[in-house]
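Below is one structure, written out as structure tokens, with a few remarks after it.
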Protein chains: 2
Amino acid sequence: MALRLAALSHPARIEILKRLSASACCSCREVVDHLDLAQSTVSQHLKILVEAGLVRFEADRQRSRYAVDHAALAGVSASLTELVNSCCPSFSPKRHD
Amino acid sequence: MALRLAALSHPARIEILKRLSASACCSCREVVDHLDLAQSTVSQHLKILVEAGLVRFEADRQRSRYAVDHAALAGVSASLTELVNSCCPSFSPKRHD
DNA sequence: ATCGTCCATCGCCGATAGACGATGAAGGGT
DNA sequence: ACCCTTCATCGTCTATCGGCGATGGACGAT
């Protein structure tokens with residue numbers, strides 16, 4: 001769990017996640033254009049996200065495709081929620097359904 | 001948000017959070033006894049958690065008191081949930097109530 | 001006043017993260 | 001064949017993390 005959270009604990013990677021989900025095009029280049037970071041840096045962040053299991057990677061020829069693993073991301077969220085609940089079961093945070 | 005998640009992205013700090021919430025006694029010493037880490041290290045982790053706003057600190061004489069800020073913790077969880085939702089609004093993770 | 005306890009802080013260190021440029025591999029276009 | 005684009009990887013640099021022991025301050029007890 002700490003590993004997943006560590007992957008999320010960087011502003012650039014959160015931006016990358018948003019970008020990945022916002023656009024149908026999920027190439028590394030796409031992210032680089034929007035993020036004002038060097039291509040190597042973005043590639044590195046993507047690698048971290050993939051290794052954390054939060055992003056899936058498909059090598060479509062040389063056009064690499066990255067996609068958010070929604071289930072995994074939701075899983076992290078659920079884990080965190082579980083931690084919150086285990087820490088303070090009597091505390092009921094408002095949930096917006 | 002990344003800051004909060006960074007504070008959570010360390011196994012020791014997660015353990016500390018659990019310990020803080022499990023016990024009514026929230027002294028630094030208490031945590032040290034249960035965590036097999038040096039006192040200075042625990043104090044450092046506590047400081048990080050406090051700076052992240054996840055733990056509240058009350059200097060009760062020399063007996064320092066640490067307590068989980070349930071609302072803040074729930075807030076992080078909510079933020080993450082929000083991120084998940086914004087990333088994939090059509091995706092409905094199973095919630096176990 | 002002196003000791004012991006609890007705690008925060010400092011200094012130090014090895015390891016890791018995060019950024020970059022350079023390089024090379026893989027393909028597409030001409 | 002040649003070039004251009006895309007991308008991953010490598011090497012390097014700096015900054016930060018994470019751990020520890022040591023130190024010193026604050027306080028209670030004797």
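- Between B/Leu80 and B/Val76 there is no side-chain heavy-atom pair separated by less than 4.5 Å.
- No option in A/Val55, A/Leu17, A/Leu49 other than A/Val55 meets the side chain to side chain contact (heavy atoms under 4.5 Å, CB included) test with A/Tyr66.
- The shortest side-chain heavy-atom distance between B/Leu83 and A/Lys18 falls under the 4.5 Å cut-off.
- For D/dC17, the OP1/OP2 oxygens have no side-chain nitrogen or oxygen of A/His10 closer than 4.0 Å.
- In this structure, of C/dA8, D/dC7, C/dG18, it is C/dG18 that holds the atom nearest to the side chain of A/Arg13.
- Closest approach to the A/Cys28 side chain among D/dA8, D/dT9, C/dA8 is made by D/dA8 (side chain taken as heavy atoms from C-beta onward).
- Distance, A/Gln44 CD to D/dT14 P: 19 Å, rounded to whole Å.
- Set against C/dT9, C/dG18, D/dT9, the side chain of A/Ser43 has D/dT9 as its closest nucleotide.
- Rounded to whole Å, the distance from CG on A/Leu35 to P on C/dG18 is 14 Å.
- Between B/Leu8 atom CG and D/dG18 atom P there is a gap of 12 Å when expressed in whole angstrom units.
- Taking every side-chain heavy atom of A/Arg29 into account, D/dC7 is the closest of C/dC6, C/dA8, D/dC7.
- In the interface, the side chain of B/Ser40 is paired with the base of D/dG21 through a donor and an acceptor atom under 3.5 Å apart.
- When side chains are defined from C-beta on, B/Ser23 counts as touching B/Glu30, because their heavy atoms get closer than 4.5 Å.
- Taking 4.5 Å as the limit, some side-chain heavy atom of A/Leu8 sits within range of a side-chain heavy atom of A/Leu73.
- Separating the CG atom of A/Leu3 from the P atom of C/dA17 is a distance of 10 Å, rounded to the nearest angstrom.
- Ranking D/dG18, C/dG18, D/dC7 by closeness to the A/His45 side chain, first place goes to C/dG18.
- Atom NZ of A/Lys47 is separated from atom P of C/dA19 by 15 Å (rounded to the nearest Å).
- For A/Ala38, counting side-chain heavy atoms from C-beta on, the closest listed nucleotide (D/dC7, C/dG21, C/dC7) is C/dG21.
- Side-chain atoms of B/Ser43 do not come within 3.5 Å of backbone N or O of B/Ser40 as any donor-acceptor pair.
- Set against C/dC7, C/dC20, D/dA8, the side chain of B/Ser27 has C/dC7 as its closest nucleotide.
- Put simply, the side chain of B/Arg19 never gets that close to the backbone of B/Val31: no donor and acceptor are under 3.5 Å apart.
- Nucleic acid contact for A/Leu37: sugar-phosphate only, since backbone atoms but no base atoms lie under 4.0 Å from a heavy atom of the residue.
- In this structure, the CG atom of B/Asp36 is 11 Å from the P atom of D/dG19, given to the nearest Å.
- If you check every strand for non-hydrogen atoms under 4.0 Å, B/Gln39 touches a base.
- Axis angle across the helix from C/dA1-D/dT30 to C/dT30-D/dA1, with five pairs used at each end and values rounded to 10°: 10°.
- Linking Ile, Leu, Val, Met, Phe, Trp and Tyr whenever their side-chain heavy atoms come within less than 4.5 Å puts A/Ile16 and A/Val32 in one cluster.
- Atom CG in A/Leu46 sits about 12 Å away from atom P in C/dA19, given to the nearest Å.
- When rounded to the nearest whole Å, the span between CG of B/Leu49 and C1' of C/dC7 equals 16 Å.
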